[in-house]
Structures are given as C-alpha cells and as structure tokens.
Amino acid sequence: MSEPRLHGNDLTLAYDERVISRGLSVSIPDGSFTVIVGPNACGKSTLLRALARMLKPSAGAVHLDGQLITRYSTKEAARRLGLLPQSSVAPEGITVADLVSRGRYPHQRLFRQWSAADTEAVAEAMANTGVTDLRHRRVDELSGGQRQRVWLAMVLAQQTPILLLDEPTTFLDIAHQIEVLDLCHDLHVSHGRTLVAVLHDLNHACRYASHLIAMRDGEIVAQGAPGAIVDETLVREVFGLNCRIIDDPETGTPLVIPAARQALSTSS
Amino acid sequence: MSRLTVEPTGLSPTAYVLRGPRDASVRFDRRVLLMCSLLVAVMVAVFLTSLAVGDYTISAADVVRTLFGNPPDPLADFIVNGRRLPRVLVAFLVGGALGASGAVFQSLSRNPLGSPDVIGFTSGASAGAVFVILVAGGGMLQVAGGAVTGGVVTAVAVYLLAYKRGVQGFRLILVGIAAGAMLTSGVHYLLMRAELIQAASAQVWLTGSLNTRAWDHVTAVGIGVAVIAPLLAVLSRPMRMIEMGDDAATGLGVDAERVRLGMLIAATVLAAISVAAAGPIAFIALAAPHLARRLTGAAGAAVGSAALMGAALLGASDLVAQWVLPSPLPVGVVTVCIGGLYLVWLLAREGRRNHV
C-alpha cells in the first residue's frame with residue numbers, strides 16, 4: 001500500500017517563539033472524512049493550517065501526492081487541495097455567484113479567465129450547497145447559515161480532490177450545522193473526496209467522521225474510526241470530562257453524554 | 001482561426017465573457033464597460049474644452065485641426081500644442097495614477113479610507129519637498145526629487161515597521177497614521193521657521209497644482225505610468241483574491257505576500273510620480289475608487305475604472321480651477337471641494353437608503 005496523498009512527518013509547529021506541537025506526525029487516509037477534535041487551544045487548527053501550507057513548520061515537512069507541499073507552485077497546490085478558512089471576508093457588495101466563481105481562480109490564467117468548465121463547476125457547486133436560488137443576491141445580505149454555504153460552494157468550485165475545512169459549523173444553528181455536515185458526508189461518499197475538518201462538537205465528529213484524530217496539548221492522543229477509539233477513558237484524557245458513552249440511536253456511532261454534576265439536585 | 005465571440009457567463013445579468021482564438025477568454029461586465037466608456041467620453045469632452053477655452057479662445061474645429069498638425073495660425077499651434085495639451089495630459093496621467101493607487105491601497109488595507117496616505121506616503125513626500133524648498137533650496141526638479149525621496153523612504157519605513165510575519169492591513173494603517181502625524185508636525189515646524197515668501201511658495205506646492213506643466217512632465221509621468229500599468233494589470237486579479245483574507249487567497253493559489261508587496265510598490269511608484277509632477281493633490285486617490293465603484297456597481301475596488309475616474313476628475317477639476325472661478329486657483333483646492341462634496345452626498349444618500 002502506497003503512502004497516503006497528504007501526510008505530515010515530524011512536524012514542529014510554532015507561532016514565532018510559541019511552540020504548539022513538537023514531533024507531530026499525521027497521515028490523512030485517502031478518501032476518508034477525517035475529523036480533528038480536541039479542547040480549545042490544543043493545536044487542531046494549527047495542524048490543519050500546516051497541512052494546508054498556511055503555516056510553515058519550523059521543523060518537519062508536509063507531503064502532498066508524494067512531494068513536499070512547498071515544491072508545488074501555490075496555484076498547482078490549490079488545484080489539489082482546497083481550504084475553507086475559519087474566517088474569510090466577503091468583499092463589499094459581492095454577489096453569491098461572483099464569490100463562488102472565485103473558487104475557479106487556480107484553474108484560470110490572465111487570458112484564460114472563463115471556460116465552459118468554470119461555468120459547469122460553479123453551477124454544480126451552487127447546486128450541491130443549495131445556493132443556486134441565491135446566486136444574484138449580495139453575500140452581505142445573507143444569513144450566517146446561507147453565507148457559510150456560499151463559502152463552502154466557493155471551495156467546492158475549486159474541485160480539489162482534498163478539502164480542508166477549519167470549523168465549518170461555527171456560528172451556525174443546529175439545523176444548519178447538520179446541513180453542512182450532511183453535505184460534507186455526501187461529498188466524501190458520493191464524490192470520493194478526502195475531507196479533513198476541525199470540529200468542536202464531539203458527537204458530530206463521532207457521527208460523521210470515518211477517521212477521528214483526537215488531540216491534546218499539541219499531541220495526537222488517539223486516531224482511528226470513532227467506534228473503535230471513543231470511550232469514557234479517551235474523553236476524560238482528551239477533554240478532562242467525565243461522561244457516559246451510549247450508541248447513537250440514529251447511527252449506532254458513539255454518543256457522548258456528559259456526566260451531570262448536579263444530577264440529583266436538578267432531578268429532584 | 002476562430003472569431004471573437006461574446007457570451008454571458010450567467011454569474012450576473014451583466015456578466016459576459018469574450019472568447020478569442022486558442023481558448024483565450026476575458027471576463028467583463030456590461031455595466032462596467034458602459035460606465036467606463038462614459039468616463040472616456042467625459043475625458044474627451046474635458047480634453048477638447050481644456051484645449052479650446054482660455055484667455056485666447058479657440059474654436060473646437062480649430063483645436064481638432066491644430067491637433068492633427070494643421071493649425072489655423074502659429075499662435076493657436078503654440079497655445080494648443082505647447083501650453084494647453086501638455087497640461088491636460090499631465091492632469092489625466094496624474095489623476096489616473098492617483099485613482100489607481102488609491103484603489104490598490106483600499107484593496108490592500110481592506111479599508112474604504114485607504115489611500116497613499118495610509119502608509120504615510122503623502123506626508124513623507126510633503127516633508128521631503130518642503131525640506132528642499134525651505135532648507136536645502138533648489139528648483140522644481142530638486143523639489144520633485146525631494147518629494148519622491150521623502151515619500152518612498154517613509155513608505156519603506158512604514159512597511160518594515162508594520163512587518164511581522166507578513167503585513168496585515170490594519171497594522172499598516174496604524175503605523176502609517178503615526179508616521180504621517182509625525183511628518184506633518186515636522187512640516188509645520190519647517191513652515192513656522194521659514195521666511196514668509198518661502199513659506200508661501202512651499203504652501204502652494206503643498207496644495208498641489210498643474211500650473212506651468214510642460215512636455216517634459218508629460219514624458220516623465222507617461223513613462224512611469226506605462227511601466228507600472230502592465231504590473232497592475234497582471235497583479236490586480238490576485239489582489240482581488242486577497243480582499244477575502246490571506247488564508248482564503250492562499251488556499252486559492254495566490255502568493256499573498258508577494259502580490260501585496262508588488263502592488264504596494266506599484267501603487268507607491270504611481271503616487272510618487274503624481275506627487276513629483278503636481279504636488280500632493282488631495283482627495284483624488286481617496287474619492288476616485290469610491291465614485292468608480294458606485295458608478296459601475298462592481299464589488300471591491302477595481303483599479304481600471306478607478307484610474308479612469310481619477311483622470312476624468314482631475315481633468316475636470318483643473319478646468320474648473322482655471323476658468324470657472326473668478327480667479328485661477330491651484331487644482332488641489334478644487335479637487336477637495338468637488339470630490340469631497342460629491343463623496344459626502346453619495347455616502348449620505350447611501351446611508352439614508354440603507355436605514356429606511
């Protein structure tokens with residue numbers, strides 16, 4: 001079995017002097033929906049940023065398709081790997097279709113600004129995210145959930161085999177969170193794309209991930225299928241939370257029920 | 001060989017793509033194209049009026065004949081080709097350079113108040129020029145050199161001071177404001193200590209003027225603009241991506257830091273050329289991108305339409321400064337009035353519409 005398309009070896013990740021991770025190695029299984037979980041400031045977004053070449057490791061290297069990721073031109077890398085950052089700014093007054101069309105940038109050149117493939121990719125991305133009807137609306141007039149779907153559509157229009165999503169469900173209500181995660185699931189199952197997402201909600205992670213990476217203090221504590229690795233001990237070790245694990249009645253995946261400190265006083 | 005074809009992209013009702021041979025394609029917007037043609041028409045009108053009107057009025061027909069090398073008399077030839085033509089060309093070139101420069105700074109700083117002032121350029125240029133006028137002494141060429149030196153040195157210093165793992169828009173603005181404030185007080189100090197006549201001539205330079213601009217100005221500014229324009233054309237597409245944030249732009253394959261540095265250099269050179277040729281003309285760099293955007297309805301700050309708007313605005317302002325008012329004024333006074341009032345009116349109208 002050859003090595004996975006995206007992996008990092010012996011990474012030391014730091015912002016200036018502040019070291020987040022040391023000697024971190026990670027492999028993203030091809031075709032997986034990998035979810036990175038962990039408490040706040042455990043370095044999960046930092047790892048994602050390093051995999052997405054947004055952060056240069058101070059030691060170690062990230063490989064993409066058998067080559068150092070830094071060896072690719074930035075446009076070539078952008079044709080293989082897409083990123084939905086945690087915060088992006090919609091330029092003032094931009095319309096939905098215009099923003100989504102920007103996802104085609106790595107496929108375009110100065111005098112090759114719009115091809116039939118571009119039209120198709122943008123239409124498909126908008127259809128997949130359900131924003132086709134919004135296409136002539138201004139992005140700054142949309143609700144948070146709609147806006148997030150538009151950003152997702154932009155990354156989809158990029159049509160990369162690997163997609164990295166940094167907290168794609170933050171600021172969304174529960175229905176929109178599920179909607180975005182269902183969409184990710186479809187992309188992974190029916191389009192065969194490799195997805196890597198940082199998520200806050202452990203139960204969402206357990207339900208949707210095919211491969212789970214649990215981090216604490218810049219280190220990977222456990223990784224594997226959620227059903228195989230998530231138990232009371234792991235949750236206590238990673239999050240410092242006492243809990244019970246039951247089977248999710250919908251999917252059979254692990255469902256984390258936090259232990260109630262005031263169980264007696266509230267139930268009486 | 002295939003012919004050129006135009007088809008809609010479907011991205012917006014006015015978005016089209018022009019296709020040529022070998023898969024070449026260029027996107028354009030019908031409304032932007034229309035409004036840019038309108039701006040060009042305004043420029044042509046300003047151009048012909050500037051050449052015709054003055055102490056010695058020449059008919060439009062004679063102006064056109066003179067331009068095509070067939071003057072009705074030698075005096076018309078001298079006035080049109082020797083005096084008025086270079087002046088209006090400098091106005092267009094400087095206005096265009098300022099408009100483009102402002103659009104770049106607004107895009108890079110992601111701030112609607114962005115202009116060459118953001119990185120302290122204008123105050124640096126003013127300090128340099130005033131220093132030459134009042135302390136070192138020198139002619140017009142030395143003053144221009146002092147302005148460019150002061151501006152570029154300030155811009156580089158601000159860039160380096162704001163640099164920390166790349167340059168973020170807001171840090172650039174803060175450092176630029178601080179540098180600008182210090183330099184402005186330096187200028188005031190020099191003016192306070194100067195002799196009255198010298199101080200007056202420094203003040204005229206500080207206002208910005210197109211008086212006595214001749215062909216050597218046209219050549220100098222024209223070469224500068226011709227060198228920078230292709231750089232702007234190539235970099236403005238990736239620059240628009242950076243408006244979405246560095247991470248999003250990098251994810252789309254834009255080398256954010258390199259594009260930003262290239263655009264900063266291009267915009268600073270344009271600002272330097274304008275300030276050397278006409279002094280620190282206020283407001284064009286700030287107002288032109290806004291006015292262009294309202295006119296075209298495009299998102300973000302587009303460099304091309306901002307340049308056309310700047311050229312039309314400065315050309316028209318110079319016309320007003322020379323002939324509409326009872327006594328001629330430096331064009332800098334008029335740009336503040338016209339540009340400022342129009343911008344206030346637009347923003348007030350916009351604000352009201354959004355609130356109701």
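Chain identifiers are assigned alphabetically (A, B, ...) following the order of the sequence lines, protein sequences preceding nucleic acid strands; residue numbering begins at 1 within each chain.
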*Asks:* Checking A/Asp201 now: which residues fulfil side-chain hydrogen bond (donor to acceptor under 3.5 Å, both in side chains) with it, not counting sequence neighbours?
*Replies:* none
*Asks:* Among B/Leu18, B/Asp255, B/Thr9, B/Val234, which has the most heavy-atom pairs under 4.5 Å with chain A?
*Replies:* B/Thr9
*Asks:* When only heavy atoms count and the cut-off is under 4.5 Å, which of residues 60-73 of chain A reach chain B?
*Replies:* none
*Asks:* Which class fits the ring pair B/Tyr159 and B/Tyr163: parallel under 30°, tilted 30 to 60°, perpendicular over 60°?
*Replies:*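 If you compare the ring of B/Tyr159 with that of B/Tyr163, the planes turn out tilted.
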*Asks:* Would you please go through residues 110-120 of chain A and name the residues with a non-hydrogen atom below 4.5 Å from one of chain B, in numerical order?
*Replies:*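 When heavy atoms of chain B are the reference, residues 110-120 of chain A contributes A/Leu110, A/Phe111, A/Arg112, A/Gln113, A/Trp114, A/Ser115, A/Ala116, A/Thr119 within the under-4.5 Å range.
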*Asks:* How long is the span from the SG atom in A/Cys184 to the CG atom in A/Leu199, to the nearest 0.5 Å?
*Replies:*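 Rounded to the nearest 0.5 Å, the SG-CG separation comes out at 8.0 Å.
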*Asks:* Name the region of B/Ala233, side chain, backbone, both or neither, that has any atom closer than 4.5 Å to a heavy atom of chain A.
*Replies:*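 For B/Ala233, the backbone is the part near chain A, not the side chain.
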*Asks:* Examine distances only and state if a side-chain atom of A/Arg53 and a backbone atom of A/Thr74 form a donor-acceptor pair shorter than 3.5 Å.
*Replies:* yes
*Asks:* Using a strict 4.0 Å threshold on nitrogen-to-oxygen distance, state whether B/Asp29 and B/Arg31 make a salt bridge.
*Replies:*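 Between B/Arg31 and B/Asp29 there is no salt bridge, as every charged N stays at least 4.0 Å from the carboxylate O atoms.
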*Asks:* A/Ile94 vs B/Met244, test: side-chain contact (heavy atoms from CB on, under 4.5 Å). Steps then yes/no.
*Replies:* CA-CA 11 Å; A/Ile94 197 168; B/Met244 298 185 291; 5.8 Å; no
*Asks:* Checking A/Arg109 against chain B: side chain, backbone, both or neither under 4.5 Å from a heavy atom?
*Replies:*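 For A/Arg109, the backbone is the part near chain B, not the side chain.
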*Asks:* Is there a donor-acceptor pair closer than 3.5 Å between any side-chain N or O of A/Thr129 and the backbone N or O of A/Val150?
*Replies:* no
*Asks:* When you measure from the side chain of A/Gln86 to the backbone of A/Glu167, do you find a donor-acceptor pair of N or O atoms at a distance under 3.5 Å?
*Replies:*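 Between the backbone of A/Glu167 and the side chain of A/Gln86 there is no qualifying donor-acceptor contact (under 3.5 Å).
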*Asks:* Tell me which pairs pass side-chain hydrogen bond (donor to acceptor under 3.5 Å, both in side chains) where either residue lies in residues 142-156 of chain A, with sequence neighbours left out.
*Replies:* A/Ser143-A/Gln146, A/Arg149-A/Glu179
*Asks:* Checking heavy atoms, do the side chain of B/Val17, its backbone, both or neither come under 4.5 Å from chain A?
*Replies:* side chain
*Asks:* Which answer fits A/Leu81, side chain, backbone, both or neither, if we ask what part of it has an atom under 4.5 Å from a heavy atom of chain B?
*Replies:* backbone
